[in-house]
Amino acid sequence: HRIMVQHFASGRDEDGYPIPEQWVDYMPLWAKVTHLSGKDLIAAQANQSKIVARLKIRYREDIDTKMRVIYKGKTYAIDSQALEDTNTGYESVTFLLSTM
């Protein structure tokens, strides 16, 4: 699946005036997005969790919980730190996503 990772940015224009903070596209990535099953959703809700999907991408260290993901026109918050794969830890990472 094709996703867009965004980060919250602010800055200054060429005249030095502040630019309002806004979400800015950071990087398009290929990913595997898996929505939780009904059973997993019920268990998550019982634990007061808002997690609705898992996002698996190739290993990278520059994605964190301050960013968000756009997938099929919907916006998801990244709710977990990177969970490394079980093999070498450097092949892929998984993030837990919640709706915004």
Side-chain angles (χ1 to χ4, degrees):
H1 305 114
R2 196 66 166 167
I3 63 164
M4 176 60 71
V5 177
Q6 294 183 327
H7 66 102
F8 204 63
S10 64
R12 299 194 174 274
D13 64 13
E14 62 274 353
D15 295 327
Y17 293 104
I19 298 173
E21 295 181 335
Q22 60 186 350
W23 288 101
V24 178
D25 290 349
Y26 178 67
M27 177 178 304
L29 293 172
W30 289 104
K32 180 178 181 182
V33 178
T34 308
H35 285 23
L36 298 183
S37 67
K39 180 181 174 182
D40 289 337
L41 275 174
I42 291 169
Q45 289 171 351
N47 291 330
Q48 307 290 323
S49 176
K50 297 179 183 177
I51 304 300
V52 295
R54 290 183 188 93
L55 170 75
K56 185 174 183 179
I57 59 174
R58 288 185 183 239
Y59 180 83
R60 20 180 352 109
E61 296 180 352
D62 59 339
I63 309 293
D64 60 31
T65 57
K66 297 175 191 158
M67 298 177 170
R68 70 181 189 178
V69 173
I70 307 295
Y71 169 63
K72 289 188 175 179
K74 293 186 180 178
T75 304
Y76 298 90
I78 299 175
D79 276 353
S80 72
Q81 295 296 324
L83 308 169
E84 297 175 351
D85 67 83
T86 57
N87 296 330
T88 63
Y90 291 103
E91 294 175 18
S92 65
V93 291
T94 301
F95 297 94
L96 302 177
L97 304 177
S98 65
T99 55
M100 294 186 78

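Numbering starts at 1 and runs along the sequence shown. None of the values given here were measured: they were computed from a predicted structure.
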Qualifying salt bridge (Lys or Arg N to Asp or Glu O under 4.0 Å) pairs, either residue in residues 62-80, two or more places apart | R60-D62
Within a reach of under 6.0 Å around CZ of R2, are more than 12 heavy atoms found that belong to other residues, nucleotides or ligands?
-> yes
Beyond-backbone contact of T99 with Y76, side-chain heavy atoms, under 4.5 angstrom = yes
Quick one: side chain to side chain contact (heavy atoms under 4.5 Å, CB included) partners of Q81, sequence neighbours excluded?
-> T65
Applying side chain to side chain contact (heavy atoms under 4.5 Å, CB included) to F8 and not counting sequence neighbours gives E21, W23
Please name all residues satisfying side chain to side chain donor-acceptor pair (under 3.5 Å) with D25, sequence neighbours left out, ordered by chain then number.
-> Q6
Would you give the length of the straight line joining atom CG of L96 to atom CD1 of I51, rounded to the nearest 0.5 angstrom?
-> 5.0 Å
Once you round to the nearest 0.5 Å, how far does NE2 of H7 lie from CD1 of I63?
-> 10.0 Å
Residues in side chain to side chain contact (heavy atoms under 4.5 Å, CB included) contact with E61, at least two apart in sequence or another chain = Y59
Only residue of L97, L83, T94 satisfying side-chain contact (heavy atoms from CB on, under 4.5 Å) with R54 is T94
Give a yes or no on whether Y26 and W30 share a hydrophobic cluster (residues Ile, Leu, Val, Met, Phe, Trp, Tyr; joining criterion: side-chain heavy atoms under 4.5 Å apart).
-> no
With sequence neighbours excluded, what pairs up with H1 under the side chain to side chain contact (heavy atoms under 4.5 Å, CB included) test?
-> V33, Y71
Check which hydrophobic residues are tied to I70 through side-chain heavy-atom contacts below 4.5 Å, counting indirect links as well, and list them.
-> M4
Would a hydrophobic clustering, with Ile, Leu, Val, Met, Phe, Trp and Tyr connected at side-chain separations under 4.5 Å, put M27 with L55?
-> yes
